[in-house]
Structure formats: structure tokens, C-alpha cells
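A quick write-up on the structure given underneath.
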Amino acid sequence: MEFLHEVVAEMKKVSWSSRRELVNYTVVVGIAVAIVCALIWICDTFFARLSHIILR
């Protein structure tokens, strides 16, 4: 029980982000993930076609 009381006390000390900050960070991460996925897709397509041409 003491452990849980200490956890609650520590959680009160935490500096939580505002809702607006959380939404902004989520959008930034989503955009970054989309860009990385697009780059991987482009590289995969390029190397697949290149290997197809070489192995022909």
C-alpha cells in the first residue's frame, strides 16, 4: 500500500503536456511516419525494378 501512495505522490510531480501540445506532437509524428513510409516504398520499388532489370 505504501508503494501505491508513493506512486501517486510522484505522479503529482510530473509535468503533463497540454491537450494542444499532445495533438501537435501526434500530428508531427504521424507526418514523420508517413514520410518515412513513402521513402521506404520508393526505395523498395526502385530496387525491385533494378533487380528485375539486372536478372533479366
Set out, in order, the CA-CA distance, both residues' side-chain angles and the distance that settles side chain to side chain contact (heavy atoms under 4.5 Å, CB included) for Met11 and Trp16, then state yes or no.
CA-CA 10 Å; Met11 293 303 286; Trp16 297 99; 3.4 Å; yes

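With sequence neighbours excluded, the residues forming a side chain to side chain donor-acceptor pair (under 3.5 Å) with Lys13 are Glu10, listed by chain and number.
With hydrophobic clusters built from ILVMFWY side chains whose heavy atoms lie under 4.5 angstrom apart, Phe3 shares a cluster with Met1.
Summarising the geometry of Ala48 relative to Ser51, their closest heavy-atom pair is O-OG, 2.9 Å, with the distance given to 0.1 Å.
From Cys37, atom SG reaches atom CD1 of Ile42 across 11.5 Å, with rounding to the nearest 0.5 Å.
The side chain to side chain contact (heavy atoms under 4.5 Å, CB included) test with Phe47 is passed by exactly one of Asp44, Thr45, Leu50: Leu50.
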